[in-house]
Amino acid sequence: MKHIVLNRIKTPDGTVLISRHRHDYVTHIDANGETYMVDGGTDYLRRNVNTEPFEEQSIYTDAPHDEIRQGFFWGTRGKDGNQPVEFKPLKELDTAHIEAIIQTQSHLPSWRIEVLKAELAFRKKNS
């Protein structure tokens, strides 16, 4: 079963809207005057209907890994845990960080763990 890795659209004026988690309702009033929205994070896709269509840019787990590693984001507060949350693409996470996530975050859905393991295999193959 495929899962949503990145819930993203691009509006006609070029604004990119990303919903990072369930009920993360993000809106933008476009240069054309229409309001665009994205919601659902990696749980579901929710959009509104516009006269001028948006460009769908969501990524799923059946995409090539190179696309997934750019579209899978992890929220981090830095090594000491005191920094503001920063969402980093998988390709920018340290290998040790990915290994720590796999070992300590037992609440994650299995598809997320598989994406993280695929990144480790990708790095090993390409090193």
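The backbone N or O of D39 sits less than 3.5 Å from a side-chain atom of N7, completing a donor-acceptor pair. Using modelled atom types, no side-chain atom of T15 and backbone atom of T11 make a donor-acceptor pair closer than 3.5 Å. Judged by distance alone, with hydrogens and angles left aside, the side-chain atoms of E34 form no donor-acceptor pair with the main-chain N or O of D30 at under 3.5 Å. Here the side chain of N32 pairs no donor or acceptor atom with the backbone of D13 at under 3.5 angstrom. In terms of modelled atom types and a separation under 3.5 Å, the side chain of S19 and the main chain of D24 share a donor-acceptor contact. In this structure a side-chain-to-backbone donor-acceptor pair under 3.5 Å is missing from T35 to I29. Under the 3.5 Å distance criterion, the side-chain polar atoms of D80 are matched with a main-chain donor or acceptor of N82.
Residues satisfying the side-chain contact (heavy atoms from CB on, under 4.5 Å) test with E67, not counting sequence neighbours, are I59, A63, P64.
Across all non-hydrogen atoms, the minimal contact from T51 to P53 is O-CD, 3.6 Å. Minimum interatomic distance between W111 and T61 (heavy atoms only, all atoms of both residues): CE3-CG2, 3.5 Å. Here the closest heavy-atom approach between residue V115 and residue I68 is recorded as CG1-CG2, 3.7 Å.
The distance from atom OG of S58 to atom CG of L45, rounded to the nearest 0.5 Å, is 4.5 Å. A distance of 15.5 Å separates CZ of R112 from NZ of K117, quoted to the nearest 0.5 Å. Rounded to the nearest 0.5 Å, atoms NE2 (H28) and NZ (K10) are 12.0 Å apart. The distance from the CD atom of E86 to the CZ atom of R77 is 11.5 Å, given to the nearest 0.5 Å.
Hydrophobic clustering, with ILVMFWY side chains joined whenever heavy atoms are under 4.5 angstrom apart, keeps Y36 apart from Y25. By the criterion of side-chain heavy atoms lying less than 4.5 angstrom apart, applied directly or through intervening Ile, Leu, Val, Met, Phe, Trp or Tyr residues, F72 is grouped together with I113 in one hydrophobic cluster. Residues L93 and L6 share a single hydrophobic cluster, defined by chaining ILVMFWY side chains whose heavy atoms lie under 4.5 Å apart.
Just one residue in the list R22, H3, H21, H23 forms a side-chain hydrogen bond (donor to acceptor under 3.5 Å, both in side chains) with D43, and that residue is R22.
With a 4.5 Å cut-off on side-chain heavy atoms, L108 and I101 count as touching. Within the 4.5 Å cutoff, the side chain of T27 has heavy atoms near those of the M37 side chain. In this structure the side chain of L90 reaches within 4.5 angstrom of the side chain of L116, judged on heavy atoms. Between P89 and W74, the closest side-chain pair of non-hydrogen atoms is not below 4.5 Å. At least one side-chain heavy atom of R69 sits less than 4.5 Å from a side-chain heavy atom of R123. Taking 4.5 Å as the limit, some side-chain heavy atom of V16 sits within range of a side-chain heavy atom of R8. Residues I18 and V26 have side chains not in contact (no heavy-atom distance under 4.5 Å, counting atoms from C-beta outward).
Taking the ring axis of F87 as reference, the NZ or CZ atom of R20 stays within 45° of it and closer than 6.0 Å to the ring centre.
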Original post:
Could you go step by step and tell me if T42 and V5 meet the side-chain contact (heavy atoms from CB on, under 4.5 Å) rule?
Top reply: CA-CA 6 Å; T42 60; V5 172; 5.9 Å; no
**OP:** I would like to know whether T95 and L120 meet side-chain contact (heavy atoms from CB on, under 4.5 Å); could you show each step before the answer?
**Re:** CA-CA 7 Å; T95 298; L120 293 177; 3.7 Å; yes
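For F122 and H65, the gap between ring centers is short of 6.0 Å.
With salt bridges taken as basic N to acidic carboxylate O contacts below 4.0 Å, one links R47 and E56.
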